[in-house]
Each structure stands twice: as C-alpha cells, then as structure tokens.
Peer 1: 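Supplied in structure tokens, the structure appears directly below.
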Amino acid sequence: MTDYNFAYLDEQTKRMIRRAILKGLAIPGYQVPFASREMPMPYGWGTGGVQVSAACLTPDDTFKVIDQGADDTTNAVSIRKFFEKTAGVATTEETARASLIQTRHRIPEEALSQDQILVYQVPIPEPLRFLEPSELETRKMHSLEEYGLMHVKLYEDISQHGAIATAYAYPVKVEGRYVMDPSPIPKFDNPKLGMAAIQLFGAGREQRIYALPPYTQVVSLDFEDHPFEPSKADYDCDLCGASDSYLDEVIVDDAGGRMFVCSDTDYCRSRRAAGHVGAQGAPYEEGAA
Amino acid sequence: MTPLLQVRDIAKFYGARRGCEDVGFDLYPGEVMGIVGESGSGKSTLLSCLAGHLPPDRGEVIFDTQLHGPRDTLTMSEPERRMLMRTDWAFVHQHARDGLRMGVSAGGNVGERLMAVGARHFGEIREQAVDWLGRVEIAADRVDDKPQAFSGGMQQRLQIARNLVTGPRLVFMDEPTGGLDVSVQARLLDLLRGLVREMGLSAVIVTHDLAVVRLLADRLMVMKDGRVVEDGLTDQVLDDPQHGYTQLLVSSVLQV
C-alpha cells in the first residue's frame, strides 16, 4: 500500500485522536472534544467510528464491522472494504477472531474478551440533547452532575405509555458520575456494557469521543417503581432456535407472514454450524447463504 | 429575627448606562416585597441580579441558608447557588413559556424539580404533581397534557406549581400577571395570596401594576432610572406618596 497512509488518516491526526481516546478512558463516560476530520463518507455513516478505528488499528489487527448486528449490510461492507483497502488488515466475520470490532447500534451476542476493542458509531453523543437544546447548558449540567432532567424524559415515557418506552439509546450512568448515551443500541444490550473489552464511542459530526474501560460499572437509569428491563421480541430465532439473542423481525410475504431471526448474523451462523435449527431453518451447509 | 434576604448596595451597569444602583433592603421571613416603577427603571435588572441570573457589578445578596446560616449568594460556588435555585428559591417568569418546558407534560414540568433533588419514585412524583396541579386549580385529568394545550392563565398557574413543589422559602416573581386579562389576573392574584400566606413564603415581586402590589406586597420600593426613590409600607406609599414620581405613578392609575 503506497497510495494511502496506513489506515487512511495521517499520523498527526491519529495521534490527536489517540489522545482523546486516552482522556476518554481516564474519565469514563465524559465526552472528549476532538478535531474530527472529513472522511470519504457522509456524516451518519460512521465517520466517528471510522476515525476511532483508524487510530486504533495496527497491521496485526483482525478487523470486523457490524451494522445492526449484521456483517453483510451496506454500511458494514463498505467500512470493511475501506480498511481492507487503506490499511490492508485482515478482516473477519467471526466475533471471537476479531481484535477490533466496529459496530453500528449493536453489541455482539458472544461475550468479548480483554484482548478486544469495540468501537461504536455514535450519531448524537449528548444524552440530554433533546431535553436541553443549549450545549453550554448541557455541559454545565454534566460538570455539576445535574441529571434530574434525564429522569423527566423517563417520567414522560411512563406517563404516556405506562412503562419506560425508550427502547434504544437508553441512558446510563457510568461509575456513579457521568450520564452517557450508549449510542442507539437496543436496551437489551445495556447490561453488557460492563464487559471485559475496551469500548470506544466516536461521533464524527458532533466531534466527540468517549469511552468505557474494561469492567466499568454502568447502570441504566430507572425509577424505583419502574425498574430497568432489557427487552427483546418474545420469540426464538427461526433459523437457529436461539432464545437468548436479540431478534430482527423480517416480513416474508404480503399475507402477514413473518419470521424472527438473530440480528447478530455471526452468532446465528455459528449456532447453525453447530447443528442448531430453528422453526423455519434448514440444516446448515458450508458456503450456503 | 434574622432577615431571610439582605441586599446591600447592588449596582449593575450596562457599559456606561446604569441598570440599577445603590439598592439595598432586608426581607424577613413571610414578608412580600413589591418593586414598582415604569419600564426601563431597572426593576428586572435588579431582580435578575438578586436571583443570580445576572452578576451585579458590586453589592451583596445575603441569603439565610438552612445549613450554613447567612451566606453571600454572589460569592458562593456555582453548584451551591444552583442547588439553592432549585430548592429554597423559585423564579416565576413573566412569560410562562420562559419558565416551563413546553415539550414536557404538565406532570413532568411539576416533577422536574423533585427529580432534580433526587426523587426516583414515579408514583410519588406523580402524586405530588397531581396534588400541586389541584392547588393551582388545574384539573387532575390535564396532568399528561403539554403546556401548549393550556390557556395563558393556566400556563402561568402551572409555572407557579412547578416552582413551589419543592417548598421554596423565597420566590422571585417578574410581572407574574403580565399579559393576562383582568379576570384571570384577579384569580391568579387570589391564588398567589393564598399560597404565600399558607406556605409562609417570602417573595420579591416586580411589577408595574399597582393593584398587584396593593394586594400582595407588605412593603413597596419605587424605582426610577435605576435608583430607589421611595420605599415603605405598601399602603403608606400608595395612599400618601411623598416623591414626585410616586405621586405621578399613583395618579396615573385609571379609575373605572
């Protein structure tokens, strides 16, 4: 590779991003401003995550990208190709083999280890954004730990819907200090945020990076009489039969037919390879789609 | 008795222009102080300085805090001051939409201060919200409606409920009846007078409406060009005005 510097960004930029990452790791949940660069993709496609990945990648890394859990959607394929081309790193679809995983809106089902890094693409890093429009004010609220407003949102949910209806981007409190938006992951994934892997969050348009070191205490906000409940569709996967994974609903015809399948494609594939078959699944064949 | 609020020599300048100067008074618990004057006389500047919305150029605003006794709120750290603002103090804006969250239901608006001081039980927060809506004469079935669906008078009453829910000891009011028609004004004043007496609140009320201070205020300060020109008991000042400007003010009120 001579056309690009390794992993697209120049070394000074990567250094700047690494400083932001280190600061983020030192203050878990705190949004660190950084000088986000223009990337060759539109905002909203993961420019923040891509920059964080670029700053973390080494030539020995194995890279995996998922979009809503899937390895084969446009966003995942294009970012994987991007780093195959600009960094020449090995890529994989297997969660366990990857050392760096960039994700959009999901956490893999398989538990991650201490040797792995999970990079999130974040559209709006400020959990208080839609409650308090002023950035000056939200920063002050973070610095003074004034988080009553976050509960106003949950209060509104319960008064309108009878339960906390926020299903994704569910606000969490990190180490008893900062309230953080865990990016739009389903709240099903919230309990996994205290994992063994390093988690980095990059928001390109908003120019913020924040991070969770391994085994950070992450508590989902709730009320005493309406405790936090991670939720998923109340079915088993129709392909692999898993009852413990987050499911996508797929409409299969115009007559109301539907099936529920694992949103984590690698998890589903590995289960089927191990011989599990769901209600509508065919036995697994190597190489079949 | 220790005054709840001691104001000493407050001055605020906008460049060379005077906002207010040489203002000082004591406010005792349960007392309501009215500040009147024409537009541009520095009433609102003074109120913003007292309530901590605007840093004055000099002076002291000493508040009798529950934990540490009298403290100058201007030299207090910001977290302390903001804590004071959501517990012991309340601020009623002239326009309800400045003081309310328009996208949040009435119950959420009232509950916000409770949640800000750590309430985390939905049922209790809601119960208190409904209770307070009742006290400001808003029907309990409006608790989930947004303030946009309320009339101007209801919005103002909702703002008052939202401010009083944490049981503050001192309320700042900036033209609380401005922009309301006279019958709604009368009801609001009646309600405010009841609440102030019942809760033993102290209040500083800024208004240009002499009828408001006549009804609510124990003492009165008349301001002109940023300075206090006359002060005293409300009835005394209004019935026997000494300063020329006060005489003008009192005689300008239309008699029906």
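Naming: A, B, ... by sequence-line order, numbering from 1 per chain. On a predicted model such as this, the values are computed, not experimentally measured, just so you know.
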Peer 1: Is it true that, when you exclude B:Arg197 itself, more than 12 heavy atoms of the residues, nucleotides or ligands shown sit nearer than 6.0 Å to its CZ?
Peer 2: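 Yes - once you tally the heavy atoms of other residues, nucleotides and ligands closer than 6.0 Å, there are more than 12.
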Peer 1: When rounded to the nearest 0.5 angstrom, what distance separates NZ in A:Lys140 from CZ in B:Arg82?
Peer 2: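 With rounding to 0.5 Å, NZ (A:Lys140) is 6.0 Å from CZ (B:Arg82).
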Peer 1: Specify which of B:Gly111, B:Ala116, B:Gly107 makes the most heavy-atom pairs with chain A at under 4.5 Å.
Peer 2: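 Among B:Gly111, B:Ala116, B:Gly107, the one with the most close pairs to chain A is B:Gly107.
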Peer 1: Report, as yes or no, whether the 6.0 Å neighbourhood of atom CG on A:Asp244 holds more than 12 heavy atoms from other residues, nucleotides or ligands.
Peer 2: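 Counting other residues, nucleotides and ligands, CG of A:Asp244 exceeds 12 neighbours.
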Peer 1: Using a heavy-atom cutoff of under 4.5 Å, enumerate the residues of residues 152-159 of chain A that contact chain B, numbered in order, or state 'none'.
Peer 2: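 Within residues 152-159 of chain A, the residues under 4.5 Å from chain B are A:Val152, A:Tyr155, A:Glu156, A:Ile158, A:Ser159.
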Peer 1: Looking at B:Arg120 and A:His151, would you say the former's side chain and the latter's main chain have a donor-acceptor pair under 3.5 Å?
Peer 2: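 No; judged by distance alone, with no hydrogens or angles, the pair does not exist.
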Peer 1: Are more than 12 heavy atoms from other residues, nucleotides or ligands located less than 6.0 Å from atom CZ of A:Arg129?
Peer 2: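 Enclosed.
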Peer 1: Distance check, rounded to the nearest 0.5 Å: B:Met115 atom CE versus A:Met150 atom CE?
Peer 2: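 The CE atom of A:Met150 is 11.5 Å from CE of B:Met115, to the nearest 0.5 Å.
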Peer 1: State whether the number of non-hydrogen atoms from other residues, nucleotides or ligands found under 6.0 Å of B:Glu127 atom CD is greater than 12.
Peer 2: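 Check fails, neighbour count at 12 or below.
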Peer 1: Might you confirm whether atom CD of B:Gln148 has over 12 heavy atoms from other residues, nucleotides or ligands at distances under 6.0 Å?
Peer 2: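 Atom CD in B:Gln148 is packed in, count exceeds 12.
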Peer 1: Could you tell me whether A:Arg15 atom CZ has more than 12 heavy atoms of other residues or ligands within 6.0 Å of it?
Peer 2: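 No, the 6.0 Å shell around CZ holds no more than 12 heavy atoms from other groups.
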Peer 1: Do any of residues 193-230 of chain A come closer than 4.5 Å to chain B, heavy atom to heavy atom, and if so which ones, in number order?
Peer 2: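 The residues closer than 4.5 Å to chain B, in numerical order, are A:Asp222, A:Phe223, A:Glu224, A:Asp225, A:His226.
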Peer 1: Is it true that, when you exclude A:Ile251 itself, more than 12 heavy atoms of the residues, nucleotides or ligands shown sit nearer than 6.0 Å to its CD1?
Peer 2: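 Yes, enclosed.
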Peer 1: Is it the side chain or the backbone of B:Arg101 that comes within 4.5 Å of chain A heavy atoms, both, or neither?
Peer 2: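 Only the side chain of B:Arg101 comes within 4.5 Å of chain A.
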Peer 1: Assess whether atom OH of B:Tyr14 is packed by more than 12 heavy atoms of other residues, nucleotides or ligands within 6.0 Å.
Peer 2: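 Atom OH in B:Tyr14 is packed in, count exceeds 12.
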